[in-house]
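Note on naming: letters A, B, ... go to the chains in the order of the sequence lines (proteins, then strands), and numbering restarts at 1 for each one.
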Amino acid sequence: MSEERSLNFLEEIVEEDIRDGKNGGRIHTRFPPEPNGYLHIGHAKSICLNFGLAQKYNGQTNLRFDDTNPVTEDTEYVESIKEDVKWLGFNWANELYASDYFDQIYAFALNLIRKGLAYVDDSTAEEIAAQKGTPTEPGTPNQYRSRSIEENIQLFEEMKAGKYPDGAKVLRAKIDLASPNMHLRDPLMYRIKHAKHHRTGDKWCIYPMYDFAHGQSDAIEEITHSVCTLEFIPHRALYDWFIKELEIFPSHQYEFARLNMTYTVMSKRKLMQLVKENHVESWDDPRMPTISGLRRRGYTPASIREFCERIGIAKRENIIDLSLLEFCIREDLNKTAWRRMAVLDPVKLVITNYPEGEGEILHGENNPEVEGGEGGRDIPFSREIYIEREDFMEVAPKKFFRLGPGLMVRLKNAYIIKCEDFVKDAEGNITEIHCTYIPESKSGHDTSGINVKGTIHWVSVPHAHTAEVRLYDRLFKVEDPASEEGDFKEYLNPESLHVITAYIEPDLATAIPGKGYQFIRKGYYTLDKHSTPGKLVFNRTVTLKDGWAKK
RNA sequence: UGCCUGAUAGUAUAAUGGUAGUACGACGGUUUUUGGUACCGUUUGUCUAGGUUCGAAUCCUGGUCGGGCAACCA
């Protein structure tokens with residue numbers, strides 16, 4: 001039994017269409033990325049929506065690359081997009097490309113010319129812009145608008161044949177230069193670009209514009225519900241106009257509000273800038289909101305799908321709290337991550353009554369959230385251990401349940417210890433803490449009868465391994481960098497990455513790539529893709545919630 | 001100042017003329033060998049002014065505010 005959730009407006013539309021027997025009850029969606037950058041969490045929302053809708057209503061989803069602009073597109077992006085969609089857990093019915101339809105779209109264009117509904121315009125880009133008027137003033141026709149059908153056909157064929165240089169001519173739809181909808185003021189259908197296309201190579205030197213490719217591709221694929229974002233609302237009239245005049249399959253366009261998230265930016269153009277100007281390492285830098293960045297950071301597909309489910313689908317502009325994404329990954333990792341101990345900011349602790357040179361092997365379960373603990377691992381213990389510097393206070397406040405002169409804590413999976421003394425250097429830094437342990441308090445065999453409030457993590461000094469640990473924080477220091485004054489890059493968070501060396505328990509040396517680990521009391525971590533057995537590198541996915549830090 | 005859109009707690013999202021609910025956040029508590037998790041509780045909302053109606057977040061009218069539209073980008 002699945003929990004009841006009210007339908008979003010698109011599900012309502014789909015259910016109504018099914019009830020009405022529209023398209024024989026068939027549901028076919030598509031996810032249509034342009035291969036000119038990497039997918040981000042905003043695309044994940046669209047992917048979950050499009051694939052989710054089809055899944056829920058027994059339909060299919062095509063992956064269609066909107067590759068109509070050869071100068072910005074590349075197969076590198078095609079590959080990354082396919083990988084990301086698969087990784088998110090979705091299977092497309094067909095892998096398609098708008099460029100597969102170039103012949104068909106060209107025929108559509110000729111068709112419109114023959115109907116007297118399209119013409120070749122020799123004006124420059126500037127002239128066309130000027131002649132379009134403004135939102136409050138109608139556009140003005142030029143001499144090319146009244147060219148004969150025959151002349152238009154000949155010129156368009158010559159454009160295709162490569163007779164003209166880039167920008168010399170365009171093909172325009174002849175609609176209404178006075179329309180209050182700017183998109184209907186004789187929109188461009190084709191432009192000349194003598195550029196090598198990542199799939200069609202040099203076959204074409206004219207390429208259709210988005211408005212004369214997207215809807216046509218939808219029609220060719222008989223997409224029933226073409227879902228896009230709000231900024232395409234004014235394009236819908238044009239989308240419908242082409243369907244009517246071309247008499248092609250009547251796909252219908254629906255719009256929803258794109259995802260925005262606090263402390264990041266969500267435009268491919270801006271993300272591209274961060275990469276190109278080296279503000280981040282790459283598209284998959286773990287600070288990036290890209291799917292590949294989140295993956296490298298340690299986010300799971302399930303957590304991202306859950307996030308997309310929780311944010312909902314509506315038509316109003318929105319900005320989602322980053323904390324919701326963090327909630328989703330914590331929720332997932334809490335259930336699946338294996339617990340391990342790592343000391344990120346170490347200070348040495350000596351257990352003075354523990355025999356020198358001796359040690360023992362303790363046991364810790366992998367995951368307390370799972371019945372039986374999902375197995376466990378050995379943890380070596382000895383007289384000298386590292387603990388977290390912040391777990392000791394020389395002058396401890398009332399509710400500090402950790403170490404300080406005279407205070408007792410439990411060492412996770414080990415003994416209860418009592419702080420007897422500490423050593424400071426000339427600058428006043430704590431360099432060593434001296435404790436005694438209570439032998440009867442061993443984890444699992446505690447007969448001491450002592451109850452302590454706090455438990456801290458630790459790593460045995462002689463057994464400790466080291467690892468580089470990358471502590472990531474939000475990429476920007478303001479909630480909505482795109483809406484701030486000036487360049488968004490001025491708001492980058494200089495603290496977004498701290499690289500440290502940490503002491504880790506030996507078992508972590510065999511950490512599995514792609515798996516999430518909880519460093520107890522600190523956060524969730526995963527191996528970076530550049531980690532090697534000789535030099536371990538962990539990325540912090542997200543911290544644990546810290547109720548104490550807030551006080 | 002044209003056209004298109006939208007407006008419900010801090011942030012999202014429901015309620016489809018009939019008790020304004022849920023999640024995240026925040027705050028407080030219980031449990032706990034993770035100050036985590038789990039569980040419980042508290043907090044804050046229908047943009048505004050009219051109208052229709054027994055009854056309006058919902059329908060109507062005016063206003064206010066937000067977003068989009070004048071790329072040979074998608």
Handout entry: Length of the line joining A:E317:CD and B:G68:C1', which is rounded to integer Å
Key = 8 Å

Problem - Any N/O donor-acceptor pair, A:T455 side-chain to B:U34 base, under 3.5 Å - result: no

Practice task
Determine which nucleotide pairs with B:A71, using a 3.5 Å limit on both distances of a Watson-Crick or G-U wobble pair.
Solution key: none

Problem - Whole-Å distance separating the CD1 atom of A:I313 from the C1' atom of B:A14 - result: 14 Å

Fill in the blank from the handout: Of B:G35, B:C72, B:C24, the nucleotide closest to the side chain of A:L188 is B:C72

Practice task
Anything under 30° is parallel, anything over 60° is perpendicular, the rest tilted; go ahead and classify A:F381 against A:Y415.
Solution key: tilted

Exercise for the section: Find the partner of B:C54: check Watson-Crick (N1-N3 plus N6-O4 or O6-N4) and G-U wobble (N1-O2, O6-N3) distances, both under 3.5 Å, and reply none if neither fits. Expected result: B:G18

Fill in the blank from the handout: The nucleotide from B:C73, B:A14, B:G35 with an atom nearest the side chain of A:N69 is B:C73

Exercise for the section: Write down the distance between CG (A:L238) and P (B:C69), rounded to a whole number of angstrom. Expected result: 16 Å

Exercise for the section: Under 4.0 Å between any heavy atoms, over every strand shown, what does A:E331 touch: base, sugar-phosphate, or nothing? Just pick one. Expected result: nothing

Practice task
Write down the distance separating the P atoms in B:U8 and B:A15, rounded off to the nearest Å.
Solution key: 14 Å

Practice task
Anything under 30° is parallel, anything over 60° is perpendicular, the rest tilted; go ahead and classify A:F102 against A:H197.
Solution key: perpendicular

Exercise for the section: Using the C1' atoms only, state how far B:U31 lies from B:G41, rounded to an integer number of Å. Expected result: 15 Å

Practice task
Determine: side-chain N/O of A:K193 to OP1/OP2 of B:C73, distance under 4.0 Å, yes or no.
Solution key: yes

Practice task
May I ask you to verify whether the side chain of A:R330 and the base of B:U37 hold a donor-acceptor pair under 3.5 Å?
Solution key: no

Exercise for the section: May I ask you to verify whether the side chain of A:D321 and the base of B:G10 hold a donor-acceptor pair under 3.5 Å? Expected result: yes

Problem - A:I520 CD1 to B:G35 C1', straight-line distance once rounded to whole Å - result: 14 Å

Exercise for the section: May I have the distance from A:L324 (atom CG) to B:U22 (atom P), rounded to whole angstrom? Expected result: 17 Å

Practice task
Please tell me if the side chains of A:K45 and A:F256 come closer than 4.5 Å, counting only heavy atoms from C-beta onward.
Solution key: yes

Practice task
Please report, rounded to the nearest Å, how far the C1' atom of B:U34 is from the CG atom of A:L411.
Solution key: 13 Å

Handout entry: Protein-nucleotide distance (A:D186, atom CG; B:A71, atom C1'), rounded to Å
Key = 17 Å

Exercise for the section: Pick the C1' atom in B:G17 and in B:U46, then give their distance to the nearest Å. Expected result: 15 Å

Problem - Lys/Arg N to Asp/Glu carboxylate O, A:D67 vs A:R199, below 4.0 Å - result: no

Exercise for the section: Quick one: look up who B:U42 pairs with, Watson-Crick or G-U, both distances under 3.5 Å, and put none if it's unpaired. Expected result: B:A26

Practice task
Measure the shortest side-chain to side-chain distance between A:Y38 and A:I291 over non-hydrogen atoms and say whether it is less than 4.5 angstrom.
Solution key: no

Problem - Side-chain N,O (A:R316) to OP1/OP2 (B:U13) below 4.0 Å - result: yes

Exercise for the section: Could you give the distance separating B:U22 and B:A14 at their C1' atoms, to the nearest angstrom? Expected result: 7 Å

Practice task
May I ask you to establish whether A:K169 and A:Y164 are in a cation-pi arrangement, using a distance under 6.0 Å from NZ or CZ to the six-membered ring centre and at most 45° from the ring axis?
Solution key: yes

Practice task
Indicate whether OP1 or OP2 belonging to B:A74 is found under 4.0 Å from a side-chain N or O atom of A:T68.
Solution key: yes

Problem - Distance in angstrom units between A:Y38 OH and B:A74 P, rounded - result: 21 Å

Exercise for the section: Please state whether the phosphate of B:G68, meaning OP1 or OP2, lies under 4.0 angstrom from any side-chain nitrogen or oxygen of A:R258. Expected result: no

Problem - Pairing partner (Watson-Crick or G-U wobble, both distances under 3.5 angstrom) of B:G6 - result: B:C65

